[in-house]
Structure formats: C-alpha cells, structure tokens
There are 2 protein chains.
Amino acid sequence: MKKKEHKECMSALLPVRDTLDVIGGKWKLLILISIWEGNKHFREIERSIPKLSTKVLSKELKDLEENQLITRTVLNGFPVRTEYMPTEHSKTLEKVIFELHNWGIHHRKKIFGNKSFSNNSVSA
Amino acid sequence: MKKKEHKECMSALLPVRDTLDVIGGKWKLLILISIWEGNKHFREIERSIPKLSTKVLSKELKDLEENQLITRTVLNGFPVRTEYMPTEHSKTLEKVIFELHNWGIHHRKKIFGNKSFSNNSVSA
DNA sequence: CGGTATCCATAGGGATACTG
DNA sequence: CAGTATCCCTATGGATACCG
C-alpha cells in the first residue's frame with residue numbers, strides 16, 4: 001500500500017527534522033564550533049563570529065543550552081561573567097557534521113564540476 | 001595559533017552549510033521523499049504533503065532541480081502535465097539522512113529520557 | 001561584562017484568484 | 001493540470017539604547 005508507506009516515511013522523517021531543528025539555521029554550528037574551540041564568554045563568542053548580533057547570539061545560546069549541547073555557568077564577581085562550555089552530548093554531533101561535510105563536498109563537485117568557485121553559496 | 005584554527009574551522013564548515021542549505025528548511029526533504037515514493041506530478045506531490053502551498057512547492061521544486069536532486073519534464077498534451085523524478089545524485093543523500101535520523105533518535109532519548117512524548121517538536 | 005528592551009525594516013509564507 | 005500573481009500579515013533580524 002502506497003499510502004501506508006508514505007505515512008511511514010513521514011514519521012521516519014521526524015527524527016531528521018529534530019536534528020535539523022537543533023543544528024540548522026545560520027548560526028548554531030558556528031557558535032558551537034566557537035565554543036568547542038575554547039571561546040567561553042559571551043563577548044568572546046560574539047566577536048569570534050562576524051555579523052552575529054547580541055540579540056541573536058543570546059537566543060541561539062539559549063537554544064543550544066536547552067538542547068544540552070552547551071552549559072552556561074554564571075561566575076561570581078563584578079562585572080558578571082558567564083562561561084559557556086560544550087557538553088559531552090555535543091560531541092556526538094561530530095559524526096553527523098562529518099557526513100554533512102562530506103556530502104557538501106561531493107555535492108559541490110557534482111554541481112560545479114571542475115570549475116573553481118570563489119563564493120560561499122551553492123545557489124549563487 | 002587560535003585565530004588560525006578558528007578560520008580553518010569556519011571554512012571547514014562551508015560544505016556543511018552547503019548541505020544544510022540544500023536539504024534544510026521545512027519542506028525539501030518531505031518533497032524529495034514524496035518524489036522518491038513515486039509521486040510524479042505537481043498536484044500529486046502537493047496533496048501528499050499537508051499544509052504545503054502551491055507557491056512554496058513551486059519554489060522548492062525549483063531549488064531541488066537546481067541542485068540536481070530531481071528532474072522536471074514537461075509532457076506533451078493538454079492539459080499540460082509535468083513529471084518530477086529523483087536523480088541518481090539524490091540517492092547519495094540517503095547516508096546523510098540516515099545519520100541525521102540516528103542522531104535525532106539519540107538526541108530525543110537524551111532530552112526526554114524515558115519519558116514518552118507525543119508532539120513533533122524537540123523544543124516543545 | 002552579559003545581556004534585555006525597543007523600534008523598525010524586510011523577507012517569507014498563507015490565502016485567493018487567475019492564466020496557458 | 002501546473003503553475004504565477006497579488007494581497008496581506010507575521011516572524012525574524014539589524015541597530016541602538018539601556019540595566020544590573
């Protein structure tokens with residue numbers, strides 16, 4: 001039955017959607033990588049990523065924390081400092097990112113062939 | 001040098017971004033799967049995916065075609081019919097989707113633990 | 001420093017109607 | 001059937017200012 005198969009595929013897609021919700025968007029991975037690299041503080045992270053505004057960073061950090069990919073610790077003292085750290089759970093993303101990376105390379109070859117390219121966008 | 005590492009990570013991320021641009025968004029994978037399942041015609045695809053509007057479907061199909069994940073063929077006759085088919089290239093996505101799926105499952109377990117859940121959204 | 005609050009511009013999506 | 005065109009509306013993001 002085709003209908004049934006379709007429904008099954010759709011529901012099999014839910015976990016895929018979850019993953020894309022967690023790491024998709026413009027900034028999530030950039031921020032996570034910045035923190036992986038050792039950037040711990042709000043301004044530090046902000047400065048490490050061009051074009052990223054405080055409002056967006058604030059929201060994205062909350063999302064990452066909700067998804068237990070980073071921890072947020074408020075340090076004592078004045079002025080207030082916070083410390084963002086990657087979680088162990090975040091490390092499990094590496095395999096996914098690796099596959100996304102591989103396919104991205106493969107896809108570029110397919111789309112652009114031997115041509116060189118200079119910009120970032122596939123659809124340019 | 002930290003700066004250099006950072007730059008390297010950023011540029012290593014470009015292919016990841018490419019992939020997310022190609023399969024990200026609300027509809028791309030749903031549409032691709034619908035076509036994989038054998039839905040060939042515009043209305044057919046549209047009807048197979050709840051809440052998908054013609055305007056969005058139209059745009060998404062163009063994107064998928066640009067990225068050589070589907071082909072579009074206009075059939076002779078009246079009324080006009082078109083036929084969308086998956087490409088071989090699109091099959092290379094299966095591994096990526098598999099990893100995204102796996103991580104989604106893993107992540108849900110992590111976030112919800114043993115609790116059952118009934119909705120689609122991780123962030124709910 | 002680590003954010004929130006506010007104002008504003010814009011892109012994107014829904015609904016509907018229409019064309020070849 | 002296979003889309004475009006139009007109107008409209010909301011969510012998102014930039015810029016800026018401000019607070020603890």
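The analysis underlying the following values was restricted to heavy atoms, covering all of them including side chains, and did not include hydrogens, waters or symmetry mates. Chain identifiers are assigned alphabetically (A, B, ...) following the order of the sequence lines, protein sequences preceding nucleic acid strands; residue numbering begins at 1 within each chain.
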Task: Working for side-chain contact (heavy atoms from CB on, under 4.5 Å), residues A/Thr54 and A/Arg43 - done: CA-CA 9 Å; A/Thr54 66; A/Arg43 295 287 172 202; 3.6 Å; yes
Open item on the list: Rounded to whole Å, please give me the gap between CZ in A/Arg81 and C1' in C/dG2.
Closed with: 10 Å
- [ ] Just report the end-to-end axis angle for the helix from C/dC1-D/dG20 to C/dG20-D/dC1, five pairs per end, to 10 degrees.
- [x] 40°
Task: N or O in side chain of B/Ser58 less than 4.0 angstrom from D/dT4 OP1/OP2 - done: yes
Task: Euclidean distance, atom OH of residue A/Tyr84 to atom C1' of C/dC1 [Å, nearest integer] - done: 11 Å
Task: No-hydrogen, no-angle side-chain donor-acceptor test under 3.5 Å, A/Ser34 and A/Ser48 - done: yes
Task: A/Glu44 CD to C/dC1 C1', straight-line distance once rounded to whole Å - done: 12 Å
Task: A/Lys40 NZ to C/dG3 P, straight-line distance once rounded to whole Å - done: 16 Å
Task: Same cluster (ILVMFWY, side-chain, under 4.5 Å), A/Ile105 and B/Val96 - done: no
Open item on the list: Does A/Trp27 form a side-chain contact (heavy atoms from CB on, under 4.5 Å) with A/Glu60? I'd like the steps, not just the answer.
Closed with: CA-CA 7 Å; A/Trp27 305 109; A/Glu60 298 293 70; 3.6 Å; yes
Task: Nearest-angstrom distance from the residue atom CG of A/Asn39 to P of C/dC1 - done: 14 Å
Open item on the list: Between A/Asn39 and A/Ile35 (side chain of the first, backbone of the second, donor and acceptor by atom type, cut-off under 3.5 Å), is there such a pair?
Closed with: no
Open item on the list: From CZ of B/Arg47 over to C1' of D/dC1, roughly how many Å is that when rounded to an integer?
Closed with: 10 Å
Task: Spacing between B/Leu57 atom CG and C/dT16 atom P, to the nearest angstrom - done: 18 Å
Open item on the list: Does a side-chain N or O of B/His41 approach OP1 or OP2 of D/dA2 to a distance below 4.0 Å, or not?
Closed with: yes
TODO: Report the C-alpha separation of B/Leu61 and B/Ile31 in whole Å, then their side-chain angles, then the decisive distance to 0.1 Å, and conclude whether the side-chain contact (heavy atoms from CB on, under 4.5 Å) test is met.
DONE: CA-CA 8 Å; B/Leu61 286 170; B/Ile31 294 168; 3.8 Å; yes
Task: Side chain B/Glu44, main chain B/His41, donor-acceptor under 3.5 Å - done: yes
Open item on the list: Between A/Asp18 and B/His107, is there a side-chain donor-acceptor contact under 3.5 Å, judged purely by atom types and distance?
Closed with: no
Open item on the list: What is the distance, to the nearest angstrom, from the CD1 atom on B/Ile31 to the P atom on D/dG3?
Closed with: 12 Å
- [ ] Report the relative orientation of the aromatic rings in A/Trp103 and B/His89; use parallel for angles under 30°, tilted for 30 to 60°, perpendicular for over 60°.
- [x] parallel
- [ ] Measure from the side chain of B/Arg72, starting at C-beta and using heavy atoms only, and say which of C/dG2, C/dT4, D/dG3 lies closest.
- [x] D/dG3
Task: Where protein sits on nucleotides 12-20 of chain D, one letter per nucleotide: B base, S sugar-phosphate only, - none, heavy atoms under 4.0 Å - done: -BBB-----
